[in-house]
Each structure stands twice: as structure tokens, then as C-alpha cells.
There are 2 protein chains.
Amino acid sequence: MGSKGEALRQRIVVAADNLFYQQGYENTSFSDIADVVGISRGNFYYHFKSKDEILNAVIDARIAGIEMMLDEWDKKLKDPRQRLYYYIDMPLRNQEEIRLHGCPTGSLCTELAKANRAMLDDANKMFTVFHDWLVVQLNLLGINKNVKKIAMHFIARVQGIAIVTNAFEDKDFLQQEVKQLKKWLDDEVLKSGHS
Amino acid sequence: MGSKGEALRQRIVVAADNLFYQQGYENTSFSDIADVVGISRGNFYYHFKSKDEILNAVIDARIAGIEMMLDEWDKKLKDPRQRLYYYIDMPLRNQEEIRLHGCPTGSLCTELAKANRAMLDDANKMFTVFHDWLVVQLNLLGINKNVKKIAMHFIARVQGIAIVTNAFEDKDFLQQEVKQLKKWLDDEVLKSGHS
DNA sequence: TAAATTATAGGATGATTGTCCTATAATCCA
DNA sequence: TGGATTATAGGACAATCATCCTATAATTTA
């Protein structure tokens, strides 16, 4: 099968991914993407027949990216507590992007809930990947009660940080909240601690 | 000055407000608004010369609405703790809207950060109104240390709840998180309690 | 090499966008 | 009552949008 076409398809998805993150989905046109990739609109349409189709490809790519990232975390960090710290530090590592564009997952879901509700169920799977991974780490930490709720709470906390950081373009708030969230995790571990 | 024109202007702002909340700002056209109000695009343009102008009017109306709402809360509830509970319960009272469209303030800021960054500083003032009110209530509660940070934390928590509720269309999560946030407030009061 | 398939370009299309213009209708003021 | 202002309608405008079509170019396959 076409290896050259496949490579270009990949480049289109990456460009669309970035543009959707930076400008929003509705606010990004086929021409915008084609311009960034450096191809014609006609060629673009050969690879993606509709805007829904490229949105789907972007979501799939993001989900695959998150899964790969978490696999790497698991390999790099053996201690579940360290892994959760690393998760909490994620907004810190991406400070500047979050200040400018918010959380890629949260902002896309927020937009799709308004502009393309049919795809919301695909988009929120990005959250689910994180959620399921969090559940595993919490279990490894010896926390067995309400693990799903705690994992969801985790996600919501990070989302809140991202929104406020983005709205006020305030990285100081982000830094301080990340510290606080780590303390909250420590407390949570203590509360459920038996060992 | 034109009282009839002023009344229509008001109706336009209300319609635009709702549409921006339900469909997003970028995804709402002049025609959409004109259709809802039942006027022609030409007439619409007589009252608002540009899309930025109506966005500005919507933001101003929202800020005024929030200020009025908080004034009523202050009149209705004399105890600052009760007021803060009432703030926390706000997503609960608007469950269905948040499930469908998220938080009006948060989702607008998220969108404008991508699509119309120049207006982000106007939009985040909606948060500031809540923030300043929260600071007052916390002070009344006898909390004087890091009040601004706590108020901002408050806002971020509610935002996180709204995002996840909206992304998963899950009101159960909202209800459980609201309970938890009240507990957190109680703890915060206890920690700073002197009286 | 020749035929078939895949990939790319670029223009055409009709719908929609924000914006603007002009012609009336309604209202107000003197 | 009559002129001036305010309000409303409806169409014109160029730009942009997602989509589609056709003509080649590149590549693969037989």
C-alpha cells in the first residue's frame, strides 16, 4: 500500500492536531491545514473526505499518543506514586502551551459539546485513557475504595487548573496548584494507608 | 432616546448570550441571532456594527448579571458560610445546562483563548467578579491568609467539575463533587479557625 | 515497457459568512 | 401637522467555507 500517501496522511493529521489545539476545530479550515502541510486542497480531499473524518483521525492519533506516553511513563517510573506525581506535573511541563491554549483534551471536548456533539463521545475517550491508567496506579498504591471517583476527581482538578491558567494567562497559579494537588495526593494515600 | 430600539437591543443581547452558550461564539452567525429574535440582518446591523461589538455586549451583560445575582445572594443569605455553600451549589442548580453546555464563563474563555484572544481579557472579568466576591466571603469567615489563592482555587474546582460533567454528560459526578467541595470548604474553615 | 493504480494540483461550485447600502416605515419633536 | 430622527427590511457585496470534479503526474505492478 502507498507508503508515500500514508506519510502525507500522517503529516496532515499532525498539522490538523496542532491547529485544532491552537485555533480550535471550528475556526480551522481545510485551507489552513493544507497551507501548513504545503499541499493543495484537492490533494487534501483525496486523503480526507470530510471535516468529521479528519477530526476523527486527530482524535484517534491523540488517543494513541496518550497511550504511548503512559506506556513510556510506566517504563521510566516503577513507583506508582512517582507516576502519579508525574501526571500531576504534566501541566507544569506544558506550562506555556496551557497558558496559551489550555488543555488539548479539555478544550476540544468543550468545543465539541457545542459545535459537534456527535463526536463528543469519541473525544472524551481521551479522558478515559487517562482515567483507566489512574485507576491502575491508585490500585497499585493500595487504594481500593472509590478508585474510579478519585481518578475522575484527579482529572477534574487538572482541568480546573488548565482553564483558569488559560483564562488568566497565569502560570503562577498553575505552579501553586500543582504543588497543592500533590499534597492532596499524599493525604489521600495516608487516608487509605494500611501497610 | 429610543426606548423601543433599546428594548430590541436587549432582546438581541439575550438571544446572542444563549446562542453563544449553546453553540459557541464562532459557531453562531449573525443570521442565527437575527432568526431567533425574528428580525432582519439589516436591522441587526443597525444595533451592532460587528461581531466583536455584540460579543462585548454579551460579556458586559453577563458581568452585570453575575453582579446582580451575587447582590441577591448577599441579601438572601446573611451567613458567609451559607453564601459559599450557595456558590458551590450553583452547578447543582444548573445541572442540566452544565451537562449540555458546560459552564458559560469557562467555555467562553476557552473558546476566546483560541478564536478571539483580544477579547479574552474582557471575558475573564466574569471570573474576577466571582473571585472578588469569594474573597469578601472568605474574609468574613475569618480566613485572612492566602484568601486570593483560595478564591481562585475555588473557581478552578468548579471549572473542573463543569468540564468533566460536560465531557461525559454525567450529572452523578457533578453531584458527588459538589458534596466533596463543601467538605473541603469546611476543612478550610477549620484550619483557619480561631474564634 | 505498458497498463493500472495511486497521488497531486488547481479550478469550479453553491452555500454561508460578516459587512454594507439603500429604501421605507415608524416614531418623535417643534 | 410636518420635518427630523430612529428603526426596520431586504438585498448586494466580496470573501471564505466545505466539497467536488477533472486533468495530470508519479508510482507500482504485470
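The figures here come from the full heavy-atom set of this structure, side chains too, leaving out hydrogens, waters and symmetry mates. We name chains A, B, ... by the order of the sequence lines, and we start the count at 1 in each one.
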When the distance from CG of B:D35 to P of C:dG18 is rounded to whole Å, what number comes out?
12 Å
Roughly, in whole Å, what's the span from CG in B:N27 to P in D:dC17?
14 Å
Go through the side-chain N and O atoms of A:Y86 and A:D79 and say whether any donor and acceptor fall under 3.5 Å apart.
no
Would you indicate which nucleotide in D:dA9, C:dT8, C:dT19 comes nearest to any side-chain atom of A:L8?
C:dT8
So, is A:Y46 close to the C:dT8 phosphate, meaning a side-chain N or O under 4.0 Å from OP1 or OP2?
no
Is there side-chain contact between A:Y87 and A:L70, with heavy atoms separated by less than 4.5 Å?
no
Any A:R62 side-chain heavy atom under 4.5 Å of A:D17 side chain
yes
Kindly say if A:S29 contacts the phosphate of D:dT16, meaning a side-chain N or O under 4.0 Å from OP1 or OP2.
no
d(CZ, A:F48; P, C:dA7) in whole Å
12 Å
Would you tell me if any nitrogen or oxygen in the side chain of A:H47 comes within less than 4.0 Å of OP1 or OP2 on C:dT6?
no
How close or far is atom C1' of C:dT16 from atom CG of B:D32, stated in whole angstroms?
10 Å
B:N43 side chain near D:dA9 phosphate (N/O to OP1/OP2, under 4.0 Å):
yes
Among the nucleotides D:dA9, D:dA12, C:dT17, which one has an atom lying closest to any side-chain atom of B:R41?
D:dA12
Here's one to test your reading of the geometry: is the NZ or CZ of B:R99 within 45 degrees of the ring axis of B:F173 and under 6.0 Å from its centre?
no
Without decimals, in angstroms, what is the distance between A:E26 CD and C:dT16 P?
14 Å
Just the rounded figure in Å: distance from P of C:dG18 to CZ of B:F44.
9 Å
Separation of C:dT16 atom C1' from A:K51 atom NZ, nearest Å, is 13 Å
Taking the minimum atom-to-atom distance to the side chain of B:F30, which one of D:dA9, C:dG18, D:dA18 wins?
C:dG18
Are side-chain N/O atoms of B:D122 and B:N56 paired as donor and acceptor at under 3.5 Å?
no
Atom CD of A:E6 and atom P of D:dT27: how far apart are they, to the nearest Å?
17 Å
